[in-house]
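Data first, discussion second: the structure below is written as C-alpha cells.
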Protein chains: 2
Amino acid sequence: MMVHDAKACIQLVPIFQSLSTKEKAEVATLVRHHHFAAGESLFTAGDAVTSLLIVAHGQVKITQIAANGKEQLLYLLNPGDFDGEAALFKASTRQNFGTALSATDVCLIRREDFQKLLQRSPQLALNILNAFGQRLASVTEQTTRTTTASIEERLAMYLLETAGKNTADFTLPLKKKDIASYLGTTPETISRKFRDFADAGLIKKLAVNRFQILDPDQLALME
Amino acid sequence: MMVHDAKACIQLVPIFQSLSTKEKAEVATLVRHHHFAAGESLFTAGDAVTSLLIVAHGQVKITQIAANGKEQLLYLLNPGDFDGEAALFKASTRQNFGTALSATDVCLIRREDFQKLLQRSPQLALNILNAFGQRLASVTEQTTRTTTASIEERLAMYLLETAGKNTADFTLPLKKKDIASYLGTTPETISRKFRDFADAGLIKKLAVNRFQILDPDQLALME
DNA sequence: CGCAGCTTTGAGCGGAGTCAAGGCTCGTGG
DNA sequence: CCACGAGCCTTGACTCCGCTCAAAGCTGCG
C-alpha cells in the first residue's frame, strides 16, 4: 500500500519520468507519505527545508507574506508538481507558506537522500533544471503582467487560462479572495470586474463562482 | 590572450568554482569571447538559444516586452552572472531581450558543449541548480513586492539595496527610465518620489543621478 | 555648437483601494 | 431538519495614488 502509493507518486512526477525502472525503484524506497486536510498548513516561512515535497493528489497554494502583512499567492501546486527545490541545495529555510486547498496527499524525499540521488543521476538534475526553467518563466510572466497590465486585462487572462476549453460552464478553482491575491488586487475589485464583464456580454454568471464564457475572443483582446 | 581571458571568465563565475583544476581547464577550451558596446543588443526574443552566456565585464539588462508593448526590466546581469535560459535543457528560443548597458565582455559556451559538461559533472549541475534557486527566489520576491508595496516603498527598497554601504555618495547604475521599468512605474513618478524623499530629508541630491542617503533607517521603515 | 534623449515639473484625471453595510451559503450543532 | 453563525461575496460612496500629456530645462556626445 505504501509502496503502491510511492510508485504512483513517482510515475506522476515529470522529473522522474526519464529515469530507468531500476532508478525509479530506488527512488521509491526513499519516499515518505503524508496527508493533509483542506486548510491545513504544510509548511511555514522560517521552517528548515528538510524535504522535497511532491503533490500526489489535491491542491496546495504557495503564498508569501509581504512586509506590510499582505498575503500574496505565488502559485499553485497540482498533482505532479513539486516544491522545496529552490532551497534544497543549501541549508536554508522556507521563504513562503504552503497550505492545502483541498484534501491533499504528498510524497516527501529527504534532502540528503535527494542530493545523493542527484549526484548519481545527471539526468535527474537536468530534469529539475527544466522544471526550474518553467517555473521561472511562469513567475517572470506573472511579474511582467502585474507591472504592465491593468487589473481588467489580468483578470481576462486569468479567466481564459483557467477555463481552458470549458467555456460553456466552468467553476473557479479559487475563492475571489485568492484570485485577488494572485492578481495583486482586492476581492471587491474582482467582484466588480466580473460584473463589468457580464454587463459587456463577455461572460454569463451561472452561480456564485460558476460562469459561462460567451466571448473568449473579445476577452483575449484585452490582453 | 584568448586563453587568459577564458581563465579569467571561469575564475569569475561561481558556478565553476567548485570544479577541479582539470575540469576548469577543460571548460576553458570551450569558451568563446565577444565584446559589446553600450546599447548593443546581445540577443532578441525569438532568437535560437545557441550558447550559454557569462558576463565577464560590464552590465547587461534583461527585459521582456508585454502584450501592450511596454518594456519590463526583469533583472541585470553583472560580472559573474550567467544568463538563465541558455542553461536550460529544453528552451530553444529566447523569450526576452539582452542589452548591454555599458561596454561589456561576455564568454560564450556552446549549448551542446555545456550540456555535455553538465552530464558529466553532477557538481556543476548542483551549482547551476543553486544559482537558479536564487534567481527564482529573487524574481519571486520582486513579484511580491510589486503587487503588495506602493511605489514609494519599492523605490526605498531599491535604493537601499542598490546603494549598499555607499550611503555617503552613490550613483544610480540605471537611468530613471530603467528604474521605472524595473519597479513597474514611470520615470515621472520616480523623479517625483526622489524629490519627496529629498524634501523629507531622507536623501540629498548631489547631481542628476547621484545621491547621499541621509536616513537609511527611515527609508527602511517604508518597507 | 546643436540635437537627441533624459529629467524635471505641473495640471488633470481615472482606476483601483478602503471602509462600511447588507446579502448569501454552507457547515455545525441543537 | 431547521436555525445559527462564520466567512464569503456584492455593492455603494469616497479618496487618492500614480498615470498621461505637455512643456521646459539638462546633459552629453558627435
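Each chain gets a letter, A, B and so on, in the order its sequence line appears, and its residues count up from 1. These numbers come from a predicted model, not from an experiment.
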Does a nitrogen or oxygen in the side chain of A:Thr185 sit under 4.0 Å from OP1 or OP2 of C:dG17? yes
If I take atom CZ in residue A:Arg210 and atom C1' in nucleotide C:dC26, what distance separates them, rounded to the nearest angstrom? 16 Å
Check the angle between the aromatic planes of A:Phe16 and A:Phe114 and answer parallel, tilted or perpendicular using the 30° and 60° thresholds. perpendicular
Does the ring of B:Phe132 carry A:Arg135 above it, NZ/CZ under 6.0 angstrom from centre and within 45° of its axis? no
C:dT18 phosphate, OP1 or OP2: any side-chain N/O from A:Lys70 under 4.0 angstrom? yes
A:Glu152 near the nucleic acid: base, sugar-phosphate alone, or nothing, with a heavy-atom cut-off under 4.0 Å? nothing
Tell me yes or no: between the side chains of A:Thr148 and B:Gln72, is some donor less than 3.5 Å from an acceptor? no
Which part of the nucleic acid, if any, lies within contact of A:Arg192, taking any heavy atom under 4.0 Å across all strands shown: a base, the sugar-phosphate backbone alone, or nothing? base
Can you tell me the distance, in whole Å, between the CG atom of A:Leu155 and the P atom of C:dG15? 16 Å
Side chains of B:Asn209 and B:Lys176: is there a donor and an acceptor less than 3.5 Å apart? yes
Are A:Phe211 and A:Phe197 close enough that their ring centers fall under 6.0 Å? no
In Å and rounded to the nearest 0.5 Å, what is the CG to CG distance from B:Asn78 to B:Leu12? 10.5 Å
Tell me if a side-chain donor or acceptor on A:Gln134 pairs with a main-chain N or O of A:Ala131 at a distance below 3.5 Å. no
side-chain N/O B:Lys205 vs C:dT8 OP1/OP2, d < 4.0 Å: yes
Which atom names give the shortest non-hydrogen contact between A:Tyr158 and A:Leu172, and what distance separates them? CE2-CD2, 4.4 Å
When you measure from the side chain of A:Glu188, which nucleotide among C:dG17, C:dT25, C:dA20 comes out closest? C:dA20
First and last nucleotide of DNA chain D touching chain A, 5' to 3', heavy-atom cut-off 4.0 Å? D:dC8 to D:dA13
Between A:Lys193 and A:Val208, which residue's closest nucleotide on DNA chain C lies nearer the 5′ terminus? A:Lys193
Taking DNA chain C as the partner, which of residues 170-184 of chain B come within under 4.0 angstrom of it by heavy atom? B:Lys175, B:Lys176, B:Lys177
B:Asp113 and B:Arg32 ion-paired at < 4.0 Å: no
Rounded to the nearest angstrom, tell me the gap between atom CZ in A:Arg195 and atom C1' in C:dG23. 15 Å
Tell me: CD1 of B:Ile190 to P of C:dC6, nearest whole Å? 15 Å
